[in-house]
Amino acid sequence: MATKGVVKWIVSNLVTVEVDGPVSQNEICYIDVNGTKLMSEVIKVIGKNAYVQVFESTRGMHVGDEAEFVGSMLEVTLGPGMLSKNYDGLQHDLDKMDGVFLKRGDYTAALDDDKLWDFKPLAKVGDNVIAGSWLGEVTENFQPHRIMVPFVFEGGYKVKSVAQAGQYKVNDVIAVVTDADGKDHNVTMVQKWPVKRAIPCYREKPRPFKLLETGIRIIDTFNPIVEGGTGFIPGPFGTGKTVLQHAISKQAEADIVIIAACGERANEVVEIFAEFPHLNDPHTGRKLMERTIIIANTSNMPVASREASVYTAMTIAEYYRSMGLRVLMMADSTSRWAQALREMSNRLEELPGPDAFPMDLSAIVANFYARAGFVYLNNGATGSVTFIGTVSPAGGNLKEPVTESTKKVARCFYALEQNRADRKRYPAVNPIDSYSKYLEYPEFESYISNHIASDWITKVNDLKMRLHQGKEIAEQINILGDDGVPVNYHVTFWKAELIDFVILQQDAFDSVDCNSSLERQELMLSKVSDICRTEFDFEDFLEVSDYFKRVINIFKQVNYSEFKSADYDKYNKELDAILAERIK
């Protein structure tokens with residue numbers, strides 16, 4: 001019999017319910033408000049009182065309203081038909097809802113129960129299987145969508161029967177498996193999984209090492225992220241977080257892209273809905289939306305929904321990873337998620353941490369980021385979830401708790417800087433403050449040496465050192481003036497500017513320069529590295545600046561030319577001729 005309860009206290013979205021039976025952490029309940037049932041989640045239980053966060057506005061709720069607990073945790077529905085969908089944080093299909101504004105208590109199904117899918121069996125009768133084993137597959141938007149043994153199954157099973165190839169609905173039985181006790185279990189294309197638990201159906205989760213190519217030079221060359229890696233992008237308003245996210249989503253070598261719009265302004269979320277369906281996928285030639293899922297919660301939705309949205313997105317990402325696919329998940333912004341945690345913690349009157357965030361904020365962030373990763377599945381295939389979150393620190397303060405907590409767990413740090421954005425140096429990622437800890441991993445170094453070049457990391461570290469030197473000399477020139485420093489200081493400064501203009505800066509709106517292949521980046525890195533190590537002959541600082549401006553201008557023409565085209569070769573020859581003029 002389902003546990004029921006009565007509302008006793010209401011503090012905005014935090015409601016205290018006195019229950020008449022057992023309830024569990026993260027269990028779902030529905031509170032009846034004038035005939036409308038509002039979805040809620042248990043976040044704390046003390047004696048007979050269950051504290052629940054309501055995912056809707058509590059306006060009109062009264063003490064004495066009835067609540068009913070469903071006996072299951074907050075969970076997502078997993079199966080074919082999720083690609084190209086626009087969901088809210090609770091996985092309700094936004095496209096199925098009527099009207100411009102979301103109606104309170106209006107919940108829609110995540111999947112289409114009536115659609116027919118072309119099923120192809122992969123398992124055979126008599127096969128031994130476990131949770132996550134592939135039983136068959138359907139094609140979803142040109143992607144193989146594996147139908148798996150439900151993740152909640154424990155122990156070993158034997159396949160008793162598998163449906164023949166043909167068309168089936170998601171709730172049709174496509175296989176029957178028998179457990180160790182001889183009991184049969186029906187398997188459909190649909191399964192459910194609680195969002196607060198990581199999906200554990202894999203054999204091994206090693207340290208990730210494969211470079212994730214994004215086509216963005218300041219990431220791939222200077223601060224690379226790997227398949228299954230983690231990174232975050234902090235930056236104040238107007239520094240280009242959204243453009244950078246769109247570029248990564250569009251160009252990264254991923255099979256599935258999941259966008260979690262977590263508590264951002266409604267107009268920014270609308271931009272995602274409006275732009276993504278029209279973006280062309282450079283990998284397939286079709287629309288990017290075909291392999292994208294959007295989980296949307298805006299800033300004017302209840303704060304509790306923000307917390308659910310990131311977990312919903314991550315669980316869906318892990319589901320596709322279990323199929324052997326490469327998943328890229330982007331969250332914008334995890335600051336809004338942390339603010340939701342802060343609000344609910346304050347309403348629970350818990351002991352506050354720095355800036356009133358929960359005391360365990362670092363642990364919550366660490367546990368969430370740990371769900372990303374590269375895995376070897378039980379059948380030997382590989383899959384990955386690469387997670388990149390954005391952080392919106394108030395006033396651009398990178399010392400605030402959310403940024404600091406994320407810094408401890410994310411391996412890549414892409415610090416967007418207001419000063420670079422003001423100078424129109426995009427992407428406005430600060431090359432000195434930003435870093436990738438994957439450059440220190442011996443597994444990654446071995447992978448780069450075998451797949452790109454043995455001296456790649458050495459060259460990258462050398463150019464980073466030259467950027468540091470260039471910054472120090474720029475400060476000296478600002479204080480002492482151009483005549484106050486030696487000519488060789490100007491040469492060092494302009495070599496750093498060359499690195500900045502040629503490699504770090506990139507035009508996201510140019511069809512050629514927006515996406516730089518790894519082969520092209522390797523040639524650019526070698527060329528720029530050779531120039532930086534070359535000794536030049538100059539009489540005064542004016543000659544230095546004029547000369548390097550010419551070099552930069554020609555190099556920019558190279559960047560805007562199709563790779564290995566006639567123009568590309570022409571500008572490279574011009575560049576070689578200019579370089580020969582001043583070599584000692």
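Just so it is clear, the structure is predicted and the values come from calculations on it, not from any experiment.
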**Asked** Hey, which of Tyr547, Phe548, Phe541 is the one that makes ring-ring contact (aromatic ring centres under 6.0 Å, His included) with His490?
**Response**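 Between His490 and the candidates, ring-ring contact (aromatic ring centres under 6.0 Å, His included) is satisfied uniquely by Phe541.
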
**The single option from Tyr414, Phe413, Phe222 passing ring-ring contact (aromatic ring centres under 6.0 Å, His included) against Tyr435** =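 Only one of Tyr414, Phe413, Phe222 forms a ring-ring contact (aromatic ring centres under 6.0 Å, His included) with Tyr435, namely Phe413.
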
**Asked** Quick one: salt bridge (charged side-chain N to carboxylate O under 4.0 Å, His left out) pairs with a partner in residues 215-244, sequence neighbours left out?
**Response**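 Residue pairs with at least one partner in residues 215-244: Arg217-Asp513, Glu227-Arg326.
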
**Asked** In chain order, what residues pass the side chain to side chain donor-acceptor pair (under 3.5 Å) check against Glu404, with sequence neighbours excluded?
**Response**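 Not a single residue meets the side chain to side chain donor-acceptor pair (under 3.5 Å) criterion with Glu404.
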
Pair [X]-[Y], side-chain donor/acceptor within less than 3.5 Å:
X	Y	value
Glu400	Thr403	yes
Thr492	Gln469	no
Lys464	Asn223	yes

Ring-face cation contact, [Y] with [X], 6.0 Å cut, 45° max:
X	Y	result
Arg207	Tyr441	yes
Arg286	Phe142	yes
Arg411	Tyr438	no

**Prompt:** Run the side-chain hydrogen bond (donor to acceptor under 3.5 Å, both in side chains) check on Ser335 and Ser392 step by step: do they pass?
**Reply:** CA-CA 6 Å; Ser335 291; Ser392 306; 4.7 Å; no

**Asked** Could you walk me through whether Gln418 and Asp422 pass the side-chain hydrogen bond (donor to acceptor under 3.5 Å, both in side chains) check?
**Response** CA-CA 6 Å; Gln418 189 68 59; Asp422 292 341; 3.1 Å; yes

**Asked** Is it true that atom CE of Met465 has more than 12 heavy atoms of other residues, nucleotides or ligands lying nearer than 6.0 Å?
**Response**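 Correct, the count exceeds 12.
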
**Prompt:** Any salt bridge between Asp255 and Arg291, counting N to O under 4.0 Å?
**Reply:**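 A salt bridge is absent here (no side-chain N lies under 4.0 Å from a carboxylate O).
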
**Asked** Considering the options Arg425, Lys549, Arg466, which one meets the salt bridge (Lys or Arg N to Asp or Glu O under 4.0 Å) requirement together with Glu497?
**Response**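 Among Arg425, Lys549, Arg466, the one meeting salt bridge (Lys or Arg N to Asp or Glu O under 4.0 Å) with Glu497 is Arg425.
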
**Message:** Donor-acceptor check, side chain of Thr292 to backbone of Ser84, threshold 3.5 angstrom: yes or no?
**Reply:**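 Flag not set: sc Thr292 to bb Ser84 has no pair under 3.5 Å.
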
